[in-house]
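Quick notes on the structure that follows.
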Amino acid sequence: MGQVFFRKLSRWQADGDREELADLYVAAYREAPGEEYRNRERFLARLAEDVQRQGFGMVAADDEEGDDDEPAGVAYGYPLHRDGSWWRGFVGVVPDHVEELTASGKVFVIAELMVLPEHRRRGIGSRLQERLLSASDAELAVILVDPANTVAQAALRAWGWDRFGELRPGTGDSVRHVLTKALPG
């Protein structure tokens, strides 16, 4: 494996590369045949919505020795809307200080963090999230993780994230663990 280079992508670049990003998503999350197409379509719908959000940011990791233009990994996110709507479905009560940070525009959500399996355990995921968060003026970062994805949760905890609670994003959606990370302010 060669050296990895990181680059920021604008919302227009992310939107223009959406098919390649969807291919990366499918490859990163290798799922049962039949599920890949549905999940790819869901990812594309989420990405189309997310790139329109104010403050959207994306970082890609490219392997110098890669044979194609597909990145080794990608992370993207955006500041939470100040109205606190992201917290709807939170199990329990959102602490006052988190509501205050949200209302002041100081909470950044990592909406997606993915690394291809062949590039994992090289520090790419941690560097992706660090670079994405360093471009933000947020004081708190949040990320949702599938409770069954114990590997991702362990990695995030190793990078300084803490379990904050649970969120049920929408009707029929499964509960997700909410992890938070205090950022230097």
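All residue numbers refer to positions in the sequence shown, counting from 1.
A donor-acceptor pair under 3.5 Å is formed between the side chain of N149 and the backbone N or O of A152. Checked by atom type and distance alone, the side chain of R18 pairs as donor or acceptor with a backbone atom of D15 at under 3.5 Å. The backbone N or O of E49 sits nowhere less than 3.5 Å from a side-chain atom of Q52 that would complete a donor-acceptor pair. In this structure a side-chain-to-backbone donor-acceptor pair under 3.5 Å is missing from R7 to A60. Here the side chain of K181 pairs no donor or acceptor atom with the backbone of I143 at under 3.5 angstrom. With hydrogens and angles disregarded, a donor-acceptor distance shorter than 3.5 Å links the side chain of Q153 to the backbone of D146. The main-chain N or O of V115 is found under 3.5 Å from a side-chain atom of R120 such that the two form a donor-acceptor pair. Remark: side-chain polar atoms of R40 are paired, donor with acceptor, to backbone N or O of E19 under 3.5 angstrom.
In the hydrophobic clustering of this structure, L9 groups with Y25; members are Ile, Leu, Val, Met, Phe, Trp, Tyr whose side-chain heavy atoms approach within less than 4.5 Å, directly or through other members. A chain of hydrophobic side-chain contacts below 4.5 Å, direct or via other Ile, Leu, Val, Met, Phe, Trp or Tyr residues, connects I124 to V145. Residue W161 is not grouped with residue Y78 when hydrophobic side chains (ILVMFWY) are merged at heavy-atom distances under 4.5 angstrom, including chains of intermediate members. Under the 4.5 Å side-chain heavy-atom criterion for ILVMFWY residues, a single connected hydrophobic cluster contains both V94 and V109. Taken together through direct or relayed side-chain contacts under 4.5 Å among Ile, Leu, Val, Met, Phe, Trp and Tyr, V98 and L133 form parts of separate hydrophobic clusters.
Between R157 and D162 there is no salt bridge, since none of the side-chain N atoms of the basic residue sits less than 4.0 Å from a carboxylate O of the acidic one. For the pair K106 and E100, the salt-bridge criterion is not met [side-chain N within less than 4.0 Å of a carboxylate O].
Side-chain contact between W12 and D17 is absent, with no heavy atoms from C-beta onward closer than 4.5 Å. R163 places a side-chain heavy atom less than 4.5 Å from the side chain of H177. A 4.5 Å side-chain heavy-atom check between E139 and F108 finds every atom pair outside the cut-off. For the pair V178 and V91, the minimum side-chain heavy-atom distance is 4.5 Å or more.
Between W87 and F90, the ring planes are perpendicular. Angles over 60° get that label, and only those under 30° would be called parallel. Under the 30°/60° scheme for interplanar angles, the aromatic rings of Y76 and F56 are found to be tilted.
The distance from atom CE of M58 to atom CG of D50, rounded to the nearest 0.5 Å, is 9.0 Å. One finds the CD atom of Q129 at 10.0 Å from the OG atom of S134 (value rounded to the nearest 0.5 Å). With values rounded to the nearest 0.5 angstrom, L47 atom CG is found 15.5 Å from R42 atom CZ. The CG atom of L113 sits 6.5 Å away from the CG atom of L156 when rounded to the nearest 0.5 Å.
Taking all atoms of both residues into account, the shortest heavy-atom contact from G84 to T102 is CA-CG2, 3.9 Å. Minimum heavy-atom separation, M114 to L21: CE-O, 4.1 Å. Closest approach of P71 and L116 over heavy atoms only: O-CD1, 3.5 Å. Taking every heavy atom of both residues into account, L132 and G77 meet most closely at CD2-N, 3.8 Å. Residues G73 and L128 approach most closely at C-CD1, 3.7 Å, considering heavy atoms. Closest approach of L167 and W86 over heavy atoms only: CD1-O, 3.8 Å.
Judged by distance alone, the side chains of N39 and Y29 never bring a donor and an acceptor atom under 3.5 Å apart.
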Determine whether R46 and E112 satisfy the following criterion, side chain to side chain contact (heavy atoms under 4.5 Å, CB included), listing intermediate values before the conclusion. CA-CA 10 Å; R46 271 195 333 269; E112 189 63 60; 3.4 Å; yes
Hey, mind stepping through F164 and V142 against side chain to side chain contact (heavy atoms under 4.5 Å, CB included) and telling me if it holds? CA-CA 9 Å; F164 182 72; V142 297; over 6 Å; no
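By the 6.0 Å contact criterion, CD on Q54 is open, its count of non-hydrogen atoms from other residues, nucleotides or ligands being 12 or less.
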